[in-house]
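Given the structure is predicted, the values throughout are model-derived calculations rather than measurements. Heavy atoms only: backbone and side chains are in, while hydrogens, waters and symmetry mates are out. Throughout, a chain's letter reflects where its sequence line sits, starting with A, and its residues are numbered from 1.
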Amino acid sequence: MPKQPSRKVYESTPQRVLARAVAAVLVQQGVELSQQERRQIEYIVAESPRPELGDYGIPLARYAKRYRIDIDKFFENASALLIREPVVAEAKRVGGYLNIVINAANAAKLVFEAAHLEGFGYGRVKTDRPERIVVEHTSANPVHPLHIGHARNASLGDALARLLRARGHIVQTRFYINDMGRQVAVLAYGYIAAGLDNPPDGVKPDHWIGLVYAITHTLADIEELKRKLDKLKKEEKYDEYRQLLHELDELVAVASRLRERDPELFERIANALKGSDPAAEISKLMQIYEYRRDPKKVELFRRVVELCLQGFRETLSRLGIDIEKWDWESELAWTSMVSKIIEQARRSPYATVYKGALALNLQPLLRDPVVRERLGLSEDYEVPPLILQRSDGTTLYTTRDIAYSIKKFREFNADRVFNVIAAEQRLEQLQVRLALIALGYRREGLNLVHYAYEMVNLPGQKMSGRRGRYITLDELIDQAVAIARQEVEKRSPDLPEEEKQRIAEAVGTAAVRYTLVSVSALKPMTFNINEALNFDRNSAPYILYTHARASSILSKARERGIQLDWSSIDYSAASENQLRRSLVIQALVYPYVFAKAADEQRPELIVAYLNRLADTFNKWYTSGDSAINESDRGKQMFKLALVYTIKQILANALDLLGIKAIDRM
RNA sequence: GGGCCCGUAGCUCAGCCAGGAUAGAGCGCCGGCCUCCGGAGCCGGAGGUCCCGGGUUCAAAUCCCGGCGGGCCCGCCA
């Protein structure tokens with residue numbers, strides 16, 4: 001098999017080149033290196049803080065000491081190896097560092113040719129160990145529209161899937177439809193009781209569902225509260241009574257706000273709920289659904305969920321996100337999958353009875369050092385027993401999740417499964433993994449990854465789905481698109497209306513996605529829409545603008561009859577100025593950044609890389625080192641090829657984040 | 001009460017897993033520049049007890065221990 005050009009570039013990146021040389025010299029001097037240790041050498045390669053020291057370097061003092069080898073000889077031998085690399089112009093010792101100066105001309109040749117040959121494929125270095133991987137993401141409860149938090153989940157999940165695919169893995173994406181929870185039962189109760197059908201024309205189905213849910217939930221809570229109040233009054237507990245009365249006031253206020261949003265709908269649900277016992281009705285409905293006792297109600301239940309999912313799909317598709325498989329939680333209960341888990345649990349040595357219910361005692365698993373290491377736990381970590389079945393025989397969320405995990409592995413024959421799920425579900429995810437191991441699904445338990453992310457806040461907003469208080473993702477996208485539209489209006493007033501709108505849509509949605517993956521997943525973040533749409537810096541619009549600018553340079557060249565002839569490039573032009581050099585080196589390093597981002601599942605590395613690359617490119621652009629006005633043909637070809645390459649990298653990297661580059665804006 | 005995550009410039013964040021060169025970006029602030037392939041632009045500057053205290057090390061933002069502050073979790077909820 002011929003070597004992939006990007007692979008050749010990858011192996012010529014400073015990280016790989018330096019690590020290879022250092023490893024070789026260590027081995028030469030009799031040191032035995034594990035695969036892991038080789039890998040770690042690569043990690044400590046760093047960019048030099050000042051150009052006069054070189055471009056990249058590696059601190060060597062630690063090796064000299066750790067392996068007790070002659071430091072002078074070490075430098076000498078490593079340097080000798082390094083200067084044989086075409087991309088290395090010079091290797092030098094600076095203090096305890098071994099530094100290299102990149103041969104920009106050779107690097108440029110290598111990178112330009114790869115970019116020219118592979119185009120869209122440039123940078124997508126394939127892994128040596130392809131895996132089958134399932135990425136489950138978004139999986140929002142189908143009771144209200146998606147909000148900004150779901151957007152973080154979806155953006156991360158989709159970026160993850162794209163990174164892994166580009167890396168050569170075989171990936172499937174899945175959405176878990178949570179239709180067995182109490183929340184959906186609340187919604188279905190209101191929907192069925194009020195005899196509702198379809199949302200009115202022009203209303204997005206999930207928005208309408210969200211309102212039905214909030215109205216039903218609030219009215220049900222009011223009923224519930226009234227019952228409690230009666231009871232307290234009879235028992236003469238006046239302190240508690242007064243407190244609940246206050247709560248009731250608040251709920252009534254919430255209800256009246258909900259009524260304003262759709263008086264007719266509100267009255268319809270209110271009438272249907274009048275005089276009923278909602279809590280009891282909802283529980284009854286849950287049972288009906290779990291055991292499929294009333295086909296008509298089951299069908300309506302499904303129908304209401306389906307309506308909400310329609311809305312989800314619409315929103316996701318606007319963001320360019322397509323999820324391949326949609327799995328119904330109810331399907332697990334309706335087939336034998338969940339009962340099988342219960343059976344296995346009963347027979348398991350980890351079975352126990354906790355608070356009178358069937359449970360698993362997962363604590364003993366922590367004696368296994370492999371389990372501790374893979375799940376990141378200390379020996380004295382305390383895992384609460386996991387109850388699998390209610391006293392009335394119905395199943396619990398986590399039990400169904402265990403069954404679902406097995407399904408994900410089995411159906412796709414997966415080596416690994418990533419669950420993109422909020423960090424607050426950490427304990428539940430841990431219990432699922434431990435339970436899998438306890439029930440004999442060790443491989444699955446060890447290879448299920450909880451890809452946790454923290455919450456997203458909107459400045460000055462408190463959300464509540466139950467009360468219908470939220471900003472929908474749709475509204476947020478609309479806002480982003482509107483801001484983008486204004487910018488397009490200023491920058492390109494002469495474009496046709498339709499084109500302007502198309503660009504605004506692309507820019508606005510990209511801005512949302514880009515910002516949501518720009519911060520590492522474990523940090524809580526505040527989503528600031530104005531920063532997301534800052535056209536001047538650190539944003540999708542900025543990167544898209546840079547891409548459009550590069551595109552425009554190339555098309556202008558074509559207009560003037562300047563053809564990019566790859567065989568006439570004068571590569572010596574690469575080192576004639578700092579900005580060109582810097583661009584070449586950044587382009588060289590791209591395959592490495594990509595591989596690292598994919599292997600560590602860190603899309604934010606791509607964002608950071610893009611911001612920097614665009615900065616340097618724009619700096620070069622504004623420095624006046626014009627390609628079109630260049631009189632020397634070889635140099636002109638170099639500059640055009642550089643523009644071409646950077647444009648290609650911008651587009652390729654954006655694609656990993658699910659963003660399509662555009663040529664005008 | 002216990003566990004997990006986070007704490008770096010006024011603000012938003014990189015860097016920490018894998019210790020190493022004078023700790024980096026952007027926003028904001030201050031000062032300059034603008035006849036150039038796409039100007040809401042460009043260049044420069046100020047701004048830091050890396051939460052605190054110990055320890056390990058030739059070397060600590062990074063590792064270990066103890067605190068402090070914030071978030072989340074500890075349901076026969078999902």
Exercise for the section: Report yes or no: is there a donor-acceptor pair, N or O only, under 3.5 Å between the side chain of A:Glu329 and the base of B:rA78? Expected result: no
Practice task
Go through the steps to decide whether A:Ile483 and A:Asn530 satisfy the test side-chain contact (heavy atoms from CB on, under 4.5 Å), and finish with yes or no.
Solution key: CA-CA 8 Å; A:Ile483 298 172; A:Asn530 293 317; 4.0 Å; yes
Problem - From OH (A:Tyr67) to CG (A:Leu33), nearest 0.5 Å - result: 5.5 Å
Exercise for the section: Quick one: pull up CZ in A:Phe638 and CZ in A:Arg633 and give me the separation to the nearest 0.5 Å. Expected result: 15.5 Å
Completion exercise
Between CD of A:Glu382 and C1' of B:rG1 the distance, given in whole Å, is 11 Å
Practice task
Report yes if some heavy atom in the side chain of A:Val507 is under 4.5 Å from a heavy atom in the side chain of A:Ile662; otherwise report no.
Solution key: yes
Handout entry: Contact letters for nucleotides 55-65 of chain B, in which S counts primed atoms plus P, OP1 and OP2 and B counts the base, heavy atoms under 4.0 Å
Key = ---B-------
Interface polar pairs with nucleotides 24-32 of chain B, N/O, under 3.5 angstrom:
unit_1 : atom_1 : unit_2   : atom_2 : d
B:rG26 : O4'    : A:Asn538 : ND2    : 3.2
B:rG26 : O2'    : A:Asn538 : ND2    : 3.4

Problem - G-U wobble or Watson-Crick pairing nucleotide for B:rG69 (cut-off 3.5 Å, both distances) - result: B:rC6
Problem - Pairwise C1' distance, B:rC52 and B:rG75 [rounded to whole Å] - result: 37 Å
Problem - From CA spacing to verdict: side-chain contact (heavy atoms from CB on, under 4.5 Å), A:Leu285, A:Phe301 - result: CA-CA 9 Å; A:Leu285 197 56; A:Phe301 210 110; 3.9 Å; yes
Problem - Distance below 4.0 Å between A:Arg182 side-chain N/O and B:rC76 OP1 or OP2 - result: no
Handout entry: Same-atom distance (P) from B:rC51 to B:rU62, integer angstrom
Key = 8 Å
Exercise for the section: Ignoring hydrogens and angles, answer whether the base of B:rG38 and the side-chain atoms of A:Ser552 contain a donor-acceptor pair closer than 3.5 Å. Expected result: yes
Exercise for the section: Quickly work out the A:Arg93 CZ to B:rA21 P distance and round it to whole Å. Expected result: 17 Å
Handout entry: B:rG26 and B:rC63, which share atom name C1', separated by this distance in whole Å
Key = 30 Å
Exercise for the section: Select base, sugar-phosphate, or nothing to describe what A:Lys596 touches, counting heavy atoms under 4.0 Å on all strands. Expected result: base
Practice task
Compute the ring centroids of A:Tyr545 and A:Phe535, then answer whether they are less than 6.0 Å apart.
Solution key: no
Exercise for the section: Measure the distance from CG on A:Leu579 to C1' on B:rC42 and round it to the nearest whole Å. Expected result: 13 Å
Practice task
Would you please say whether a donor-acceptor pair under 3.5 Å links the side chains of A:Gln586 and A:Ser582?
Solution key: yes
Using a cut-off of under 3.5 Å, enumerate the N/O to N/O pairs linking the protein to nucleotides 4-6 of chain B.
unit_1 : atom_1 : unit_2   : atom_2 : d
B:rC4  : O2'    : A:Arg426 : NH1    : 3.4

Practice task
Rounded off to whole Å, could you give me the CD1-to-C1' distance for the A:Ile41 and B:rG19 pair?
Solution key: 16 Å
Exercise for the section: Answer yes or no: side-chain N or O of A:Lys92 and base N or O of B:rA21 forming a donor-acceptor pair under 3.5 Å. Expected result: no
Practice task
Return yes if a side-chain donor-acceptor contact under 3.5 Å exists between A:Asp392 and A:Thr394, otherwise no.
Solution key: yes
Fill in the blank from the handout: Checking A:His450, A:His137, A:Gln429 against A:Asn419 for side-chain hydrogen bond (donor to acceptor under 3.5 Å, both in side chains), the one that qualifies is A:Gln429
Handout entry: Between B:rA21 and B:rC73 - C1' atom distance, rounded Å
Key = 42 Å
Fill in the blank from the handout: When both distances are under 3.5 Å in a Watson-Crick or G-U wobble arrangement, the nucleotide paired with B:rG24 is B:rC13
Fill in the blank from the handout: Rounding to 0.5 Å, atoms CD1 (A:Ile148) and CG (A:Asn153) come to a distance of 12.0 Å
Practice task
Nearest whole angstrom, please: distance from the C1' of B:rC77 to the OH of A:Tyr397.
Solution key: 11 Å
Exercise for the section: With heavy atoms under 4.0 Å as the rule, sort A:Asp663 into base, sugar-phosphate or nothing. Expected result: base
Exercise for the section: Mind checking A:Arg560 for me? I need base, sugar-phosphate or nothing, with any heavy atom below 4.0 Å counting as a touch. Expected result: nothing
Handout entry: Atom-to-atom span, CD of A:Glu424 to C1' of B:rA78 - whole angstrom
Key = 10 Å
Exercise for the section: For A:Ala608, answer base if it contacts any base atom (sugar-phosphate contacts may also be present), sugar-phosphate if it contacts only those atoms, and nothing otherwise; contact means non-hydrogen atoms under 4.0 Å. Expected result: nothing
Handout entry: No-hydrogen, no-angle side-chain donor-acceptor test under 3.5 Å, A:Asn534 and A:Tyr542
Key = no
Handout entry: Nearest listed nucleotide, side chain of A:Lys355, among B:rC17, B:rC77, B:rC76
Key = B:rC76
Problem - Selected nucleotide, minimal atom distance to A:Thr622 side chain, candidates B:rA78, B:rG41, B:rA18 - result: B:rG41
Practice task
Remember a base hit wins even if backbone is also touched, and classify A:Gln36 as base, sugar-phosphate or nothing at under 4.0 Å, heavy atoms.
Solution key: nothing
Practice task
If B:rG48 has a Watson-Crick or G-U wobble mate with both distances under 3.5 Å, name it; if not, just say none.
Solution key: none
Problem - Counterpart base for B:rC76, defined by Watson-Crick or G-U wobble contacts under 3.5 Å - result: none
Exercise for the section: Could you check which of B:rC76, B:rA14, B:rG38 has an atom nearest any side-chain atom of A:Ala548? Expected result: B:rG38
Exercise for the section: Send over the distance from A:Phe617 CZ to B:rC42 C1', rounded to a whole Å. Expected result: 16 Å
Completion exercise
Paired to B:rC63 by Watson-Crick or G-U wobble criteria (both distances under 3.5 Å) is B:rG55
Exercise for the section: Check the distance between B:rC11's P and A:Asn457's CG and give it to me in whole angstrom. Expected result: 17 Å
Exercise for the section: When you get a sec, tell me which of B:rA78, B:rA21, B:rC13 is the closest nucleotide to the side chain of A:Asn141? Expected result: B:rA78
Handout entry: Short side-chain donor-acceptor distance under 3.5 Å, A:Tyr592 and A:Glu42
Key = yes
Exercise for the section: Please check the phosphate of B:rA14 (OP1 and OP2 only) for any side-chain N or O of A:Ser520 closer than 4.0 Å. Expected result: yes
Problem - Residue whose nearest RNA chain B nucleotide is more 5′ - A:Tyr542 or A:Arg66 - result: A:Arg66
Fill in the blank from the handout: Regarding the side chain of A:Tyr545, the nearest nucleotide among B:rG38, B:rG15, B:rC77 is B:rG38
Handout entry: Donor-acceptor side-chain pairing of A:Asp179 and A:Tyr289 below 3.5 angstrom
Key = yes
Practice task
Using the C1' atom on both, measure B:rU8 against B:rC16 and round to a whole Å.
Solution key: 11 Å
Completion exercise
d(A:Glu428 CD, A:Thr398 OG1) to nearest 0.5 Å is 4.0 Å
Exercise for the section: Could you say whether A:Ser623 or A:Glu600 is positioned toward the 5' end of RNA chain B, judged by the nucleotide with the nearest heavy atom to each? Expected result: A:Glu600
Exercise for the section: Decide yes or no on side-chain contact (heavy atoms from CB on, under 4.5 Å) for A:Leu396 and A:Leu388, but give the supporting numbers first. Expected result: CA-CA 6 Å; A:Leu396 285 149; A:Leu388 293 176; 5.8 Å; no
Handout entry: Nucleotide of B:rC13, B:rA18, B:rC74 approaching A:Gln40 most closely (side-chain heavy atoms)
Key = B:rA18
Exercise for the section: Using the C1' atom on both, measure B:rC6 against B:rC58 and round to a whole Å. Expected result: 32 Å
Problem - Nucleotide nearest A:Leu427 (side chain, heavy atoms from C-beta), chosen from B:rC74, B:rG38, B:rC17 - result: B:rC74
